[in-house]
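In what follows, a single structure is set out as structure tokens and then discussed.
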Protein chains: 2
Amino acid sequence: MDIRQLRYFLAIAEAGQITRAAKALNMEQPPLSRQLKQMERELGVTLFDRSGKQLTLTHAGDLLRERAEGLIRQLHESLQEVKEVEEGVSGFLAIGAVVSCVSLLPRAIERYREKYPQVTFKISEGDHYQLGDALAKRSIELVVARLPFEFAEESPYEYDVLRLPSDPFVAVIPSKLQPDQKQTSITLAALADYPFLTLKTDQTIGMHKQVMSEFRQSGLTPNIICECSSVAIILSLVAAGIGATVLPKSVVAMSPIDSLRMLRIEDAEFQSEVGIVWLKDRYLSKSARHFIDQYMDGY
Amino acid sequence: MDIRQLRYFLAIAEAGQITRAAKALNMEQPPLSRQLKQMERELGVTLFDRSGKQLTLTHAGDLLRERAEGLIRQLHESLQEVKEVEEGVSGFLAIGAVVSCVSLLPRAIERYREKYPQVTFKISEGDHYQLGDALAKRSIELVVARLPFEFAEESPYEYDVLRLPSDPFVAVIPSKLQPDQKQTSITLAALADYPFLTLKTDQTIGMHKQVMSEFRQSGLTPNIICECSSVAIILSLVAAGIGATVLPKSVVAMSPIDSLRMLRIEDAEFQSEVGIVWLKDRYLSKSARHFIDQYMDGY
DNA sequence: TTCGTCCCATACCTAAAAAGTATGGCGTTT
DNA sequence: AAACGCCATACTTTTTAGGTATGGGACGAA
């Protein structure tokens, strides 16, 4: 049974005769007659009562008419839905982000949804390793992360990257250890005097290395008293006065807390590169492309 | 977009590759490749991500898979339903009956539903004229009526008839006018002495004529004091003692009332022929055929 | 790295199915 | 009775799907 045959059948049912239906379908009468007959043979069913001068539906035919109308309507709707997903105006977009970048998402998503209100999001958070894995498994399409995006010695995948405006590192110091309200910056050397907290796990070590190398270039070695695995932990420790740390500005700006102060670092060109990362030469949904394009256009 | 293509698409989605799907479909790989490509072109949609070694569904493809599965399932179910209606195991059966025959329906329907519990009924009641009209308009398929089934001088339709066991006419007499409890029969002559009620309207005159002609053959002329249009009216008038009448036995037996008595008519072969009537050489649903067959088998 | 394997895509050919044409039969209408 | 309208059949043409041969690209093993 074929969609075309269902259409033919409906045309005949509506016209009440084959000749007129054939005209409506822009075809000749004999092929239509044949299709109807074949359909009835295939189903083992009499669809029309031909005994009168006018073709009338049998009970079976009337039921088929109802069902066929529904099916054809549903088919159209489904194809329309599929097209919308393809065009990126509907469907969903799965994005992953490292903790230190989640603060960038709300604004981006808000902007995106202004243009494509039908698109929903699936956001996951993880370290570079988890996110790279998720990309490979295609459970997410885009990653927002600190650059460079590396999660293993040698990944078998290649990535495309869109660099976002870089995010300057700032010093984060407990208010109680830095009572001078007017001071807005600090030197690396002064910073190295504080007990130091760093964001580091076995899996995510990139930012830690970047910060350390900056100190090392100035001949300094901070006194690391704690390695923390999450931003929430490190900020709460700083707020409690345990020590100071260095974090990308956007991370700190997201959660302003009275008990800690954010200071510019005077003597270092010290920035965290942030980027949107995706698998190179792999299929990217239109939704994901739109997300990227939004940044491309923006800057 | 074609059902076949949806099947192909689902096979590919399930197999994860075209070659294996082609094997499952008992066809070669190139035609399947082409169909998929054509489908994507037709929809303007990328359904599979071919960049990996394994074909994976895009978001649009995944949506189409869901929809296609639903559509194909529904199509099968619909065709199955249609076949069931054709076979007469499902659907409905529209029957008309004259008032004096409705008493025959309950048992017939009960018996029918034992065999075809999925079939529902639409019953309408009317005179010969209305029922013939309904047959012509195909709003009913069968009529149960007194024979002969004639409703106009010349009907443009021909009918097929299945005669049912004939229904003897009985005299119906008010208990108060016939106090002898033991008497079970009466002569035409005795009956003609009662004030007579008859079932007759302008449209339905058959039974009246039959009864009158029977009296006439015996040289009797009943004293007709009232023409009634319905069984309910005539029975209530008899019960009230207004007069006597003659009705088919089944009609009276249906509603036994203390205040009236039913007597066999001794000296007349006096029967009402009952039959199932339908349009000759016209389509009859299987349900209707089954209904007729049930009587054919029964007797 | 290179070779072999697996899979998809393309080009070309064959087969099947659908559409078109011509025509005849049947029933209704005038 | 003749004319018309509609359906059905037989036959032809066109379209579309399916099959065969083959090449290119990715992946894995040697």
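Below, chain A is the first sequence line, B the second, and so on; all start at residue 1.
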* To do: Taking side chain to side chain donor-acceptor pair (under 3.5 Å) as the test, write out the residues that go with A:S285, two or more places apart.
  => A:E141

* Which is the 5'-most and which the 3'-most nucleotide of DNA chain C that has an atom under 4.0 Å from a heavy atom of chain B? -> C:dC7 to C:dT10

* Short side-chain donor-acceptor distance under 3.5 Å, B:Q29 and B:S33 -> yes

* To do: Please find the earliest and latest nucleotides of DNA chain D, in the 5' to 3' direction, that have an atom within less than 4.0 Å of any heavy atom of chain A.
  => D:dC6 to D:dT9

* **Non-neighbouring partners of B:K209 that pass side-chain contact (heavy atoms from CB on, under 4.5 Å), sequence neighbours left out** => B:I205

* For B:S272, side chain to side chain donor-acceptor pair (under 3.5 Å) partners two or more places apart -> B:R146

* Would you check if the side chain of A:Y295 reaches a backbone N or O of A:A108 as a donor-acceptor pair within less than 3.5 Å? => no

* **A:K23 with A:E28: basic N within carboxylate O range, under 4.0 Å** => no

* Mind checking salt bridge (Lys or Arg N to Asp or Glu O under 4.0 Å) for B:D127 and listing every partner two or more places apart, or none if nothing turns up? => none

Which donor-acceptor pairs under 3.5 Å do side chains of residues 80-87 of chain A form with protein atoms, sequence neighbours excluded?
residue: A:E81; atom: OE1; partner: B:R67; partner atom: NE; Å: 2.7
residue: A:E81; atom: OE1; partner: B:R67; partner atom: NH2; Å: 3.1
residue: A:E81; atom: OE2; partner: B:R67; partner atom: NH2; Å: 2.7
residue: A:E86; atom: OE1; partner: B:T46; partner atom: N; Å: 3.2
residue: A:E86; atom: OE2; partner: B:T46; partner atom: N; Å: 3.4

* **Trace of the salt bridge (Lys or Arg N to Asp or Glu O under 4.0 Å) decision for B:R73 with B:E69** => CA-CA 6 Å; B:R73 190 177 40 70; B:E69 281 172 354; over 6 Å; no

* Asked: Taking DNA chain C as the partner, which of residues 31-46 of chain A come within under 4.0 angstrom of it by heavy atom?
  -> A:P31, A:R34, A:Q35, A:Q38

* **Closest-nucleotide 5' rank along DNA chain C - winner of A:P30 and A:R4** => A:R4

* Only counting residues at least two apart or in another chain, list the ones meeting side chain to side chain donor-acceptor pair (under 3.5 Å) with A:T19. => none

* Within the structure shown, what part of the strands sits under 4.0 Å from A:F48 by heavy-atom distance: base, sugar-phosphate, or nothing? -> nothing

* Asked: With B:Q5, which residues qualify under side chain to side chain donor-acceptor pair (under 3.5 Å), at least two apart?
  -> B:Q35

* To do: Kindly state which residues belonging to residues 15-27 of chain B come within less than 4.0 angstrom of DNA chain D, counting heavy atoms of the residue only, listed by number.
  => B:M27

* Run the ring-centre check on B:F9 versus B:F48 and record whether the distance is less than 6.0 Å. => yes

* Asked: With A:R138, which residues qualify under salt bridge (Lys or Arg N to Asp or Glu O under 4.0 Å), at least two apart?
  -> B:D49

